Amino acid sequence: MFYLCHSIFIPKTLENETIYILSIESSCDDTSAAVLQNNIVLSNVVASQKIHEEYGGVVPELASRAHQQNIVPVVNQALAKANIDKKQLSAIAFTRGPGLMGSLLVGTSFAKSLALGLGIPLIEVNHMQAHILAHFIKEEKMKPPRFPFLALTISGGHTQIIKVSDYFEMQVLGQTLDDAVGEAFDKSAKILGLPYPGGPLIDTHAQNGNPFAFDFPIPNVKELNFSFSGLKTNILYFIQRNVKDNPNFIHENLADICASIQYTIVTILMKKLQKAVNQTGIKTIAIGGGVSANSGIRKAVLQAKEKHAWKVHIPPFDYCTDNAAMIGIVGYLKYKKGLFAQQNITAKARYTF
Ligand code: KG4
Ligand code: ZN
């Protein structure tokens with residue numbers, strides 16, 4: 001049996017066929033390419049863009065340019081590391097969205113051209129679904145969650161609680177109404193004079209601080225939604241007030257301030273997650289996205305696992321932050337279902353599912 005995808009005839013997956021997917025991720029400021037053999041990652045190369053550090057945040061125009069510079073070397077490196085020749089590839093998977101339009105266009109155009117040139121199928125991937133389906137990468141220390149489960153996706157661009165009933169059956173139960181949780185970390189860090197991205201630095205300083213030293217209010221947000229912009233403003237006013245009285249306030253209290261901010265953010269996330277568990281009765285939790293690297297949230301989720309008998313899944317760090325391996329696993333799952341994209345597909349900056 002064959003699927004028709006423009007002028008390319010694509011064989012339906014044979015039962016024991018080995019599938020090689022080259023995947024490309026370029027939604028924000030990481031250019032990444034990976035090669036998967038079925039659900040196993042053979043290579044996962046990430047070129048992070050340092051250029052944004054001096055601007056205190058991602059500059060979209062610079063991000064697109066850096067993707068254009070990086071994409072060919074990153075793809076070549078991924079193929080070389082995997083020891084796979086382009087001719088062996090079964091399909092090309094790419095991030096269609098959500099993300100920065102200029103960044104997405106680079107990966108999308110590259111993937112389309114390569115698939116066309118090689119005469120193989122093209123597979124479009126939703127970046128947020130990929131953060132969730134990263135849990136299905138086959139690796140020694142990883143055990144995939146059982147359906148249904150709740151995914152807490154926390155990154156620099158998103159904060160969502162999703163009910164996952166099957167690979168492609170997902171329902172957003174709640175999400176941020178303003179800033180993403182990663183932005184809350186990064187913007188708080190900026191207020192404290194820490195470089196971008198400040199999330200990991202808040203985490204590091206928080207290790208030596210007292211989480212109860214300073215009290216920041218927990219916002220009252222309806223249902224399973226989140227809001228972080230009020231917290232950012234509270235932190236800004238708190239710092240301005242204290243620095244006025246003592247110019248060395250930040251320096252003298254950095255660890256305690258970071259620990260208190262982190263404690264507040266983790267409390268906000270955990271309250272909503274607990275509410276989602278109570279509402280759905282689902283106790284299998286999978287976290288993903290860059291902020292799931294945070295030691296506070298990891299600890300809180302693991303404590304809840306002990307206390308409430310949750311089943312908790314946290315992927316290795318490399319599959320938490322933006323990476324092409326997670327795009328590749330979606331590529332593999334879609335390939336098996338024959339879910340291929342047409343050559344006239346376009347990038348989608350806002351891409352809900
Ligand atoms: O998923 P990701 O790599 O990119 C996006 O899709 O946004 O997430 C990046 C975000 C940044 O905001 C970064 O500060 C945050 O994840 N982050 C952390 C930690 N590691 C990364 N935030 C708090 N604690 C960390 N350890
Ligand atoms: Zn992401």
Side-chain angles (χ1 to χ4, degrees), residues 23-32 34 44 46-50 52-53 56-58 60 63 67 94-100 103-104 107 125-135 151-160 162 175-176 179-192 194-207 209 211 226 228 231-232 258-269 287-301 314-327 329-330 349-351 353:
S23 52
I24 290 156
E25 154 64 28
S26 72
S27 64
C28 190
D29 60 339
D30 292 307
T31 318
S32 181
N44 183 32
V46 184
S48 296
Q49 304 175 0
K50 298 278 169 225
H52 307 287
E53 278 173 18
V58 177
H67 283 306
F94 70 99
T95 304
R96 184 183 183 195
L100 301 170
S103 293
L104 291 167
V125 176
N126 179 301
H127 180 92
M128 297 313 292
Q129 275 193 339
H131 270 303
I132 296 167
L133 296 176
H135 288 273
L152 176 69
T153 313
I154 40 180
S155 74
H158 296 271
T159 310
Q160 292 184 322
I162 295 153
Q175 57 193 328
T176 184
D179 289 350
V181 60
E183 278 181 286
F185 270 110
D186 295 339
K187 287 178 178 175
S188 305
K190 201 173 176 182
I191 295 168
L192 300 175
L194 299 171
Y196 176 85
L201 296 170
I202 293 210
D203 194 2
T204 307
H205 290 293
Q207 319 275 335
F226 300 90
F228 291 101
L231 175 66
K232 176 193 63 192
C258 288
S260 303
I261 293 172
Q262 182 160 304
Y263 175 77
T264 310
I265 293 176
V266 169
T267 305
I268 294 170
L269 293 174
I287 65 171
V291 179
S292 49
N294 181 265
S295 64
I297 187 72
R298 284 181 175 236
K299 209 164 123 192
V301 173
I314 308 175
F317 182 69
D318 287 351
Y319 302 147
C320 282
T321 51
D322 285 353
N323 68 90
M326 69 182 194
I327 306 303
I329 189 70
V330 183
R350 287 172 182 271
Y351 187 8
F353 52 85

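If you read the sequence from its start, that first residue is 1, and numbering goes on from there. Below, each value reflects all heavy atoms present in this structure, side chains not excepted, and no hydrogens, waters or symmetry copies. Keep in mind that this is a model prediction, so the values were computed, not measured. First listed ligand is number 1; within each ligand, the first listed atom is number 1.
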Among protein heavy atoms, which lies nearest atom 24 (N) of ligand 1, and at what distance?
Asn294 ND2, 2.9 Å

Pull out every atom of ligand 1 sitting under 4.0 Å from any heavy atom of Ala293, numbered as shown with elements.
20 (N), 26 (N)

Within the 4.0 Å heavy-atom shell around Gly199, which atoms of ligand 1 are there?
14 (O), 18 (C), 22 (N), 23 (C), 24 (N), 25 (C)

For Ala293 against Asp203, the heavy-atom pair lying closest together:
O-OD2, 3.9 Å

Check each atom of ligand 1 against the heavy atoms of Asp203 and keep those under 4.0 Å away; list them by number with element.
24 (N), 25 (C), 26 (N)

For atom 3 (O) of ligand 1, the closest protein heavy atom turns out to be Asp322 N, 3.2 Å

Shortest protein heavy-atom distance from atom 14 (O) of ligand 1, along with the residue and atom involved
Asp186 OD1, 2.6 Å

Under 3.5 Å, is there a donor-acceptor pair between the Gln207 and Ser295 side chains?
yes

Near Tyr319 OH, under 6.0 Å, is it more than 12 heavy atoms from other residues, nucleotides or ligands?
yes

Run down the list Ser155, Pro200, Pro98 and name the one with the heavy atom closest to atom 19 (C) of ligand 1.
Pro200

Shortest-distance N/O/S atom, Asp322 versus the Zn ion (ligand 2):
OD1

Would you say the side-chain atoms of Ser48 and Asp30 include a donor-acceptor pair closer than 3.5 Å?
yes

Tell me yes or no: between the side chains of Ser26 and His67, is some donor less than 3.5 Å from an acceptor?
no

Closest non-hydrogen atom pair between Ser27 and Pro98, with its separation:
CB-O, 3.7 Å

May I ask you to check whether Gly290 has an N/O atom sitting below 3.5 Å from an N/O atom of ligand 1?
yes

So which atom in Leu231 and which in Ile265 form the shortest heavy-atom distance, rounded to 0.1 Å?
CD2-CG1, 3.7 Å

Can Arg96 and Leu104 be said to form a side-chain contact (heavy atoms from CB on, under 4.5 Å), step by step?
CA-CA 7 Å; Arg96 184 183 183 195; Leu104 291 167; over 6 Å; no

Which of the atoms in ligand 1, numbered in the order shown and given with their element, are less than 4.0 Å from a heavy-atom of Thr321?
3 (O)

Under a 4.0 angstrom heavy-atom cut-off, which atoms of ligand 1 come close to Val291?
15 (C), 16 (O)

Quick one about Glu25 and His127 (side-chain donor to acceptor, distance below 3.5 Å, no hydrogens or angles considered), yes or no?
yes

2.8 Å cut-off met by an N, O or S atom of His127 to the Zn ion (ligand 2):
yes

Under 4.0 Å from any heavy atom of Gly156, which atoms of ligand 1 are there?
5 (C), 7 (O), 8 (O), 9 (C), 10 (C), 12 (O)

Which atoms of ligand 1 sit under 4.0 Å from any heavy atom of His131?
1 (O)

Should the pair Phe226 and Phe228 be assigned to parallel (<30°), tilted (30 to 60°) or perpendicular (>60°) ring geometry?
parallel

Within 4.0 Å of some non-hydrogen atom of Gly157, the atoms of ligand 1 are 7 (O)

By atom name, which N, O or S atom of His131 is the nearest to the Zn ion (ligand 2)?
NE2

